Amino acid sequence: MSTSSFFDRLNNWARNSVTLKLLTVGLLVLILLIPASMVNSLIMERESIRDNAVEEVSAKWGGPQTVAGPVLSVPYERVLTNSEGKPVTERGYAHFLPDTLAVEGELLPQKRYRGIYVVVLYNAQLAVRGHFSGLRADALSVPEESLQWEEAIFTIGISDMKGVEAAIAVQFNDTTLQLGPGTITNDIYSSGASVPFPLPQGGGSNISFAYKLNLNGSTDLHFTPFGKTTTVQLSSTWTAPSFEGAFLPDERVVSDSGFTADWQVLQLNRNYPQQGVGRFVQSNDQDPTYYGADPVRRMASTFGLKLLLPIDEYQKTMRSAKYAIYFILLTFLTFFFIEILNRKRLHPIQYLLVGAGIVLFYILLLSFSEHLSFDTAYWIACAAILLLITVYSYFMLRNRKLTVMVFGILAILYGFFYSILQLQDYALLMGSLGLLLILAVIMYLTRNVDWYGLKREE
């Protein structure tokens with residue numbers, strides 16, 4: 001047998017072998033997973049650029065805010081004896097939390113733009129009031145005679161002081177004091193404002209307080225429940241809040257005109273007491289030793305909300321791209337069965353070009369969704385790829401009915417996956433049922449095919 005005859009037979013087998021064609025189609029699907037994964041990387045890169053733009057604007061306006069306090073901190077000093085019998089001076093702060101803490105406020109949201117990216121900002125107008133009952137040291141490990149009541153400090157916590165828009169004046173029982181920057185002691189707050197608040201020996205009796213905050217922030221606003229009873233009432237015109245943190249609102253109303261939300265948190269709902277000793281220093285002619293108060297439990301009790309954008313195009317595009325493998329596989333199966341059942345012959349390069357068109361859909365969707373709504377971007381990208389693949393299919397198949405069938409199958413697939421993207425709780429259920437239906441249709445259409453007896457015409 002001549003060499004040319006051998007290669008002719010090999011070429012004829014390669015062109016007519018169903019098994020080889022199926023393996024080739026499977027290999028092409030695996031190859032197209034590479035650009036599909038690159039699309040996912042592109043989406044994450046664009047999302048990262050958006051996040052950097054948000055951080056840049058927020059850094060100038062005010063970042064996510066956590067409002068905490070107030071707390072009364074009283075310094076103390078006492079002399080102890082260490083294990084070696086030497087005197088050791090211990091200095092630190094005893095902290096007292098309020099009995100009641102009530103916050104009422106309004107969030108005034110606004111959108112700013114950094115290039116094509118939207119940044120959600122807000123101005124919070126908050127009115128804070130409450131009171132301290134008699135400050136007794138019986139719950140502390142420090143004796144009352146060691147407390148320096150006359151050097152007490154009144155402190156509130158604000159996570160990003162750049163957002164403070166006005167001076168903070170605190171109205172006490174019969175006096176008004178202006179808060180200054182800094183927290184003096186970092187036992188509880190790493191950022192905030194404070195003012196000296198001398199107390200009579202023994203801590204005095206009932207101390208009421210009230211102040212207002214004019215505070216800028218971005219995206220998030222949280223509160224720390226430092227009162228025995230902490231209540232927060234918020235309202236805003238923003239229509240897409242996400243309530244988060246350790247506690248959900250007891251009552252909330254979200255409508256097209258905005259939202260209102262009310263929280264009430266008791267001291268029993270959190271894992272730290274109303275009184276405690278923070279970091280202290282021991283000195284005895286050696287290097288001082290620092291004992292840090294654990295802030296994790298305080299942060300774990302914060303609650304509040306996030307102002308969401310109604311549509312996050314990157315999350316939806318990422319969800320769409322996760323179905324790329326199904327689009328490629330089902331489209332290739334469509335052309336494969338057209339080859340088998342209608343005696344058409346397609347080259348692997350043609351499969352590859354069709355697969356490239358499907359991958360291109362996600363790039364078009366990403367680029368359009370940065371400028372248009374996601375729904376509009378989806379249908380524009382869908383129309384462009386449907387037109388591209390349909391026209392190309394006509395020149396491949398040279399059959400109008402088969403071309404219309406390809407168009408119909410792709411249109412159904414894009415419509416079905418679009419409906420899945422609109423679902424939240426039932427997306428997985430509908431997706432799995434849809435794939436089950438597709439598999440059932442393929443099995444039904446090929447139920448009588450004799451795969452071993454298939455031969456295509458030359």
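These numbers come from a predicted model, not from an experiment.
Closest approach of R78 to S146, counting heavy atoms only: CB-OG, 3.5 Å. Residues L32 and A356 approach most closely at CD2-N, 4.2 Å, considering heavy atoms. The nearest pair of heavy atoms linking W379 to G415 is CH2-CA, 4.2 Å. T176 and A169 make their closest contact through CG2-CB, 4.0 Å (heavy atoms, listed as atom of the first residue, atom of the second, distance). Here the closest heavy-atom approach between residue A381 and residue L364 is recorded as CB-CB, 3.8 Å. The two atoms that bring L307 and P109 nearest to each other are CD1-CB, 4.3 Å, heavy atoms only.
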Which is it for V232 and F303 under the side chain to side chain contact (heavy atoms under 4.5 Å, CB included) test, yes or no, and what are the steps along the way? CA-CA 10 Å; V232 177; F303 62 92; 3.7 Å; yes
Please report the C-alpha distance between T229 and L266 in whole Å, then the side-chain angles of each, then the deciding distance to 0.1 Å, and finally whether the side chain to side chain contact (heavy atoms under 4.5 Å, CB included) criterion is met. CA-CA 5 Å; T229 301; L266 305 177; 3.9 Å; yes
Would F417 and S320 count as a side chain to side chain contact (heavy atoms under 4.5 Å, CB included) here? Give the steps. CA-CA 8 Å; F417 283 108; S320 302; over 6 Å; no
Determine whether N173 and S208 satisfy the following criterion, side chain to side chain donor-acceptor pair (under 3.5 Å), listing intermediate values before the conclusion. CA-CA 6 Å; N173 293 345; S208 64; 2.7 Å; yes
Between I156 and V170, is the side chain to side chain contact (heavy atoms under 4.5 Å, CB included) condition met? List the steps. CA-CA 11 Å; I156 64 172; V170 184; 6.0 Å; no
Tell me, with the steps shown, if Y362 and N40 meet side chain to side chain donor-acceptor pair (under 3.5 Å). CA-CA 9 Å; Y362 300 101; N40 290 335; over 6 Å; no
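Looking at residues two or more places apart in sequence or on another chain, you find no side chain to side chain donor-acceptor pair (under 3.5 Å) involving S191. The side chain to side chain contact (heavy atoms under 4.5 Å, CB included) test applied to L33 returns L30, I325, not counting sequence neighbours. For R129, the salt bridge (Lys or Arg N to Asp or Glu O under 4.0 Å) partners are E104, not counting sequence neighbours. Listed by chain and number, the residues in a salt bridge (Lys or Arg N to Asp or Glu O under 4.0 Å) with K228 are D99 (sequence neighbours excluded). Applying the salt bridge (Lys or Arg N to Asp or Glu O under 4.0 Å) criterion to E370, with sequence neighbours excluded, gives R46. When the salt bridge (Lys or Arg N to Asp or Glu O under 4.0 Å) test is applied to K322, no partner is found at least two apart in sequence or on another chain.
Two residues are said to be in side-chain contact when any heavy atoms from C-beta on lie closer than 4.5 Å; L121 and S218 meet this criterion. Taking 4.5 Å as the limit, some side-chain heavy atom of V359 sits within range of a side-chain heavy atom of V39. In this structure, the side chains of L215 and N123 stay at 4.5 Å or more apart for every pair of heavy atoms. Contact annotation: the side chain of V391 approaches that of L387 to within less than 4.5 Å [non-hydrogen atoms, C-beta and beyond]. At a threshold of 4.5 Å between non-hydrogen side-chain atoms, the residues Y189 and I158 do not count as touching. Residues F247 and Q264 have side chains not in contact (no heavy-atom distance under 4.5 Å, counting atoms from C-beta outward). Two residues are said to be in side-chain contact when any heavy atoms from C-beta on lie closer than 4.5 Å; F223 and L126 meet this criterion. Looking only at side-chain heavy atoms (C-beta outward), L213 and Y211 come within less than 4.5 Å of each other.
From E45, atom CD reaches atom OH of Y314 across 10.5 Å, with rounding to the nearest 0.5 Å. How far CD of E47 is from CG of N52: 11.0 Å, rounded to the nearest 0.5 Å. The line from NZ of K306 to NE2 of H222 is 7.0 Å long, rounded to the nearest 0.5 Å. Distance CD1/I380 to CZ/F361: 11.5 Å, rounded to 0.5 Å. Taken to the nearest 0.5 Å, the OG1 atom of T219 stands 11.0 Å off from the CG atom of L221. Between L108 atom CG and S236 atom OG the span is 7.0 Å, to the nearest 0.5 Å.
One N or O on the side chain of S369 and one on the backbone of L366 form a donor-acceptor pair closer than 3.5 Å. Panel note: side chain Q275, backbone A94; no donor-acceptor pair is recorded below 3.5 Å. Between the side chain of S419 and the backbone N or O of F416 there is at least one donor-acceptor pair closer than 3.5 Å. Between the side chain of Y122 and the main chain of D220, a donor-acceptor pair closer than 3.5 Å is present. Of the possible polar contacts, one joining the S393 side chain to the I389 backbone as a donor-acceptor pair under 3.5 Å is found. For the pair W61 (side chain) and G217 (backbone), a donor-acceptor distance under 3.5 Å is present. Under the 3.5 Å distance criterion, the side-chain polar atoms of T230 are left unmatched by any main-chain donor or acceptor of T224. The closest donor-acceptor contact from the side chain of D160 to the backbone of G63 lies under 3.5 Å. Remark: the backbone N or O of E251 is not paired with any side-chain donor or acceptor of D262 at under 3.5 angstrom. With hydrogens and angles ignored, the 3.5 Å screen pairs a side-chain donor or acceptor of Q65 with a backbone N or O of N216.
The ring pair (Phe, Tyr, Trp, His ring centres under 6.0 Å) test with F132 is passed by exactly one of F197, F209, F172: F209. Of the candidates P75, S194, S73, T185 forms a side-chain contact (heavy atoms from CB on, under 4.5 Å) with just one, namely S73.
Between H95 and Y93, the ring-plane angle classifies as parallel under the 30° and 60° cut-offs. Taking the six-membered ring where tryptophan is involved, the planes of W263 and F243 are perpendicular, since the angle between them exceeds 60° and thus also 30°. Ring orientation note: the planes of Y272 and F226 are nearly perpendicular, at an angle over 60° on the 30°/60° scale.
Enclosure of atom OH in Y392 by more than 12 non-hydrogen atoms of other residues, nucleotides or ligands within 6.0 angstrom is indicated. Within 6.0 Å of CE in M38 there are 12 or fewer heavy atoms belonging to other residues, nucleotides or ligands.
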